[in-house]
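Right, one structure below, let's go through it.
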Amino acid sequence: MLAKLILKRGHNAYGYDRAKISKETSFLGLISNILAALLKVILYTFTGSISILSDAVNNITDCVSSIISIFGIKLASKPRDRDHPYGHGRLEYLISLVVSGIVLSLGFQFLRTSVGKILHPVKITYPSSTLVILIITVFIKFWQASLYSHVARKIDSTTLKAQEKDSLSDTLITAVVIISIIIEKFTGKILDGYVGVLVALFILYTAISLIYETISIILGRG
């Protein structure tokens, strides 16, 4: 529904306005990521679960990616001038490197905290609404992936295709958190630290991949 509306708004006599469509799609992705992250942060305040907090931070990094996409499209569309004969598009990559560095630092921090939870496990009490809220965030991410997929196919956007894959991988991460909570409820085995390590490693992988991708483009890859 929203995908069709965005495509309709971005269609003109010359075809699709890819910049306008990408920007509006990224904005919707930003709103949905904020909602998913906020729900998980609220859960963390009631449970103290490091795996839920790590998952929330993973969604927050997606918010940053959406912001980079929005501003990157805006910056790249600025006309070239005397001082910037090749335009301003590469500023997007510099911003991306800074953000990637921050995400990398957060990943190491959560890895250290999660290992601490494994060495010194703490029994966590999960409110009855925990699973329901996490399942809602999974549906939010599935909707987001569907939005990215539909729009990306229409305008052939590599960026949106990448965001679609990222959204689907986030649903798997949250599913692992949900499964660990269910196992803990039925067996009493504390898995919070182990799942926290898994999510932290995923955050580190995402940051390193983004740094590698960005540096490759800066060095001149087509």
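Between Gln144 and Ser167, the shortest heavy-atom distance links the atoms OE1-OG, 2.6 Å. Nearest heavy-atom pair, Cys63 versus Leu30, reported as atom, atom and distance to 0.1 Å: O-CD1, 3.5 Å. Shown here for Ser22 and Ile155, the closest heavy-atom pair between the two residues is OG-CD1, 3.6 Å. Of all the heavy atoms in Ser169 and Phe202, the pair that sits closest is OG-CZ, 3.3 Å. Gly196 and Ser114 get closest at one heavy-atom pair: C-OG, 3.1 Å. Taking all atoms of both residues into account, the shortest heavy-atom contact from Ala37 to Ile60 is CB-CG1, 3.8 Å.
Under a 4.5 Å side-chain heavy-atom criterion applied to ILVMFWY residues, the cluster that includes Leu172 comprises that residue alone. Ile42 shares a hydrophobic cluster with Leu38, Phe46; the chain of contacts runs through ILVMFWY side chains whose heavy atoms sit under 4.5 Å apart.
Applying the salt bridge (Lys or Arg N to Asp or Glu O under 4.0 Å) test to pairs two or more places apart or on separate chains, those with a residue in residues 35-64 are Lys40-Asp55, Asp62-Lys141. Legend: salt bridge (Lys or Arg N to Asp or Glu O under 4.0 Å) pairs involving residues 118-127, not counting sequence neighbours: none detected.
Among residues two or more places apart in sequence or in another chain, the side-chain hydrogen bond (donor to acceptor under 3.5 Å, both in side chains) test is passed with Ser51 by Ser49, Asp192. Shown here are the side-chain contact (heavy atoms from CB on, under 4.5 Å) partners of Leu198, two or more places apart in sequence or in another chain: Val176. Remark: Val115 engages Leu119, Val197 in a side-chain contact (heavy atoms from CB on, under 4.5 Å) (not counting sequence neighbours). With sequence neighbours excluded, the residues satisfying side-chain hydrogen bond (donor to acceptor under 3.5 Å, both in side chains) with Glu24 are Arg9, Lys20. Residues passing the side-chain contact (heavy atoms from CB on, under 4.5 Å) test with Arg153 are Ser149, His150, sequence neighbours excluded. In this structure, Ser180 has no side-chain hydrogen bond (donor to acceptor under 3.5 Å, both in side chains) partners at least two apart in sequence or on a different chain. Among residues two or more places apart in sequence or in another chain, the side-chain contact (heavy atoms from CB on, under 4.5 Å) test is passed with Val138 by Phe142, Thr171, Thr174, Ile178.
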Without placing hydrogens or testing angles, list every side-chain donor-acceptor pair under 3.5 Å for residues 124-133, not counting sequence neighbours.
| residue | atom | partner | partner atom | Å |
| --- | --- | --- | --- | --- |
| Thr130 | OG1 | Pro127 | O | 2.8 |

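Residues Leu134 and Tyr44 are members of one and the same hydrophobic cluster, defined by side-chain heavy-atom contacts under 4.5 angstrom among Ile, Leu, Val, Met, Phe, Trp and Tyr. One hydrophobic cluster, built from ILVMFWY side chains closer than 4.5 Å, cannot hold both Val195 and Tyr205; they sit in different ones. Cluster membership check: Val122 does not share its hydrophobic cluster with Ile118, using side-chain heavy-atom separations under 4.5 Å among Ile, Leu, Val, Met, Phe, Trp and Tyr. Cluster annotation: Leu201 and Phe108 are assigned to the same hydrophobic cluster (Ile/Leu/Val/Met/Phe/Trp/Tyr, side-chain heavy-atom contacts under 4.5 Å, transitive). Cluster annotation: Ile140 and Leu168 are assigned to the same hydrophobic cluster (Ile/Leu/Val/Met/Phe/Trp/Tyr, side-chain heavy-atom contacts under 4.5 Å, transitive).
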Ile31 and Leu35: side-chain contact (heavy atoms from CB on, under 4.5 Å), yes or no, with the steps? CA-CA 6 Å; Ile31 297 300; Leu35 177 60; 5.8 Å; no
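Although no hydrogens or angles enter the test, the distance criterion places no donor-acceptor pair under 3.5 Å between the side chain of Glu184 and the main chain of Ile190. Panel note: side chain Asn58, backbone Ser54; no donor-acceptor pair is recorded below 3.5 Å. Panel note: side chain Thr113, backbone Phe110; no donor-acceptor pair is recorded below 3.5 Å.
Between atom CG of residue Asn33 and atom OG1 of residue Thr137 there is a gap of 11.0 Å, rounded to the nearest 0.5 Å.
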